[in-house]
Structure formats: C-alpha cells, structure tokens
Amino acid sequence: MEWTFPISPIAASRPRVSRHEAYFTGPYKQFREDMAELCAEIFYDWEPLEGLLSVDLELYIKQPKKTKLLVPRADNDNFEKAIWDSLNGHLWLDDT
C-alpha cells in the first residue's frame, strides 16, 4: 500500500506545558491539525493496523525561506516523529 500526503512536513516541536495541559503552538500545531484532516479523509473507512509493521517514509521538504541553507536544520527524526504521531490511530493503532 502507498499513500501520498500533499502537505509540507514540519519537524516535531516540544509541547508547551501549563498547570492543566500540554499543548503545541505555531507551525507544528497547524501541521498537526492539517494532518488530522487529511487522515480523516484518507482513512475514513480504514481499520487501523495492529502488530509488527514495516514502513518506508519519503519526505520532500521545501527549502526554508529565511536562510541560505538548502535544507532545514531540524533532525530527520523530528520530521519522522511528526508523521508517526499524525498517523497514530488512523493508519495503525499505536506506534509503540
């Protein structure tokens, strides 16, 4: 099976913590909301997978606007974490 998500990946950020909750802000919060909408559309009648899985992930990341770098400075694992967390409960039950 193969799926394409028409969204620019954002590296996972650390949540902000208040007395009552942990929450995300900024571009990562928007990314999570957009991915939730995409997952609801794509996996609307999908039964989440269980058990051992093998997943290949290809990310195409735009060059940052405010830098001369060709690629973002974020670590690959932070981009991957954002995707895995977004697919939790949609494509598979849990990514533990």
Side-chain angles (χ1 to χ4, degrees):
M1 289 175 263
E2 184 174 308
W3 292 280
T4 301
F5 298 89
I7 188 170
S8 185
I10 301 290
S13 64
R14 289 194 170 103
R16 307 264 177 162
V17 180
S18 72
R19 284 185 186 185
H20 307 289
E21 65 180 337
Y23 58 95
F24 295 99
T25 61
Y28 184 59
K29 177 183 178 184
Q30 186 63 50
F31 170 78
R32 287 177 60 108
E33 292 170 0
D34 294 345
M35 272 299 287
E37 288 178 26
L38 281 171
C39 287
E41 291 173 17
I42 293 170
F43 302 114
Y44 69 93
D45 64 350
W46 178 265
E47 186 68 31
L49 302 170
E50 292 184 70
L52 298 176
L53 300 172
S54 174
V55 179
D56 292 319
L57 179 65
E58 291 183 32
L59 300 175
Y60 300 94
I61 303 166
K62 294 180 183 177
Q63 180 180 5
K65 293 180 181 179
K66 297 180 180 180
T67 183
K68 295 178 185 175
L69 300 174
L70 294 177
V71 294
R73 290 190 63 118
D75 294 336
N76 286 337
D77 59 330
N78 288 335
F79 284 105
E80 291 173 5
K81 180 176 177 17
I83 303 299
W84 302 148
D85 288 347
S86 297
L87 295 174
N88 246 3
H90 296 285
L91 182 55
W92 49 70
L93 285 180
D94 195 357
D95 66 349
T96 57

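Note: hydrogens, waters and symmetry copies are ignored here, and every other heavy atom, side chains too, is used.
A single hydrophobic cluster is not seen to contain both L38 and Y44; linkage of ILVMFWY side chains at heavy-atom distances under 4.5 Å, directly or through other members, places them apart. Following chains of ILVMFWY side-chain contacts shorter than 4.5 Å, one can reach M1 starting from L53, so the two form part of one hydrophobic cluster. The hydrophobic clustering, which links ILVMFWY residues whose side-chain heavy atoms are closer than 4.5 Å, places W3 and F31 together. Under a hydrophobic clustering in which Ile, Leu, Val, Met, Phe, Trp and Tyr are joined whenever their side-chain heavy atoms come within less than 4.5 Å, directly or via other members, L93 and L49 fall into different clusters.
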What verdict does the side chain to side chain donor-acceptor pair (under 3.5 Å) test give for D34 and Q30, after you've listed the backbone C-alpha separation in whole Å, the side-chain angles of each residue and the deciding distance to 0.1 Å? CA-CA 6 Å; D34 294 345; Q30 186 63 50; 2.8 Å; yes
Assess the residue pair W92 and W46 against the criterion (ring pair (Phe, Tyr, Trp, His ring centres under 6.0 Å)); give the C-alpha distance rounded to whole Å, side-chain angles, the decisive distance to 0.1 Å, and a yes or no. CA-CA 10 Å; W92 49 70; W46 178 265; over 10 Å; no
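E50 CD: 12 or fewer foreign heavy atoms inside a 6.0 Å radius. The 12-atom threshold is exceeded at CG of D45, counting heavy atoms of other residues, nucleotides or ligands nearer than 6.0 Å.
Taking the six-membered ring where the residue is Trp, F24 and Y28 present perpendicular rings, their angle passing 60° and hence far from 30°. The aromatic rings of F5 and F43 lie tilted to each other, with the angle between the two planes from 30° to 60°.
The distance from the SG atom of C39 to the CD atom of E37 is 10.5 Å, given to the nearest 0.5 Å. For the atom pair E41 CD and H90 NE2, the distance stands at 11.5 Å (nearest 0.5 Å). R32 CZ to D85 CG: the interatomic distance, rounded to the nearest 0.5 Å, is 6.0 Å. With rounding to the nearest 0.5 angstrom, the CD atom of E80 is 9.5 Å from the CG atom of N78.
Looking at L91 and W84, their side chains never come closer than 4.5 Å, going by heavy atoms from C-beta outward. Looking only at side-chain heavy atoms (C-beta outward), T25 and S13 stay at 4.5 Å or farther from each other. In this structure the side chain of I83 reaches within 4.5 angstrom of the side chain of L59, judged on heavy atoms. Contact check for F79 versus L57: no side-chain heavy atoms found under the 4.5 Å cut-off.
Remark: K81 does not engage D77 in a salt bridge, criterion side-chain N to carboxylate O under 4.0 Å.
Between I10 and A82 the shortest heavy-atom distance is O-CB, 3.2 Å. Across every non-hydrogen atom of A22 and P15, the tightest pair is CB-CB, 4.2 Å.
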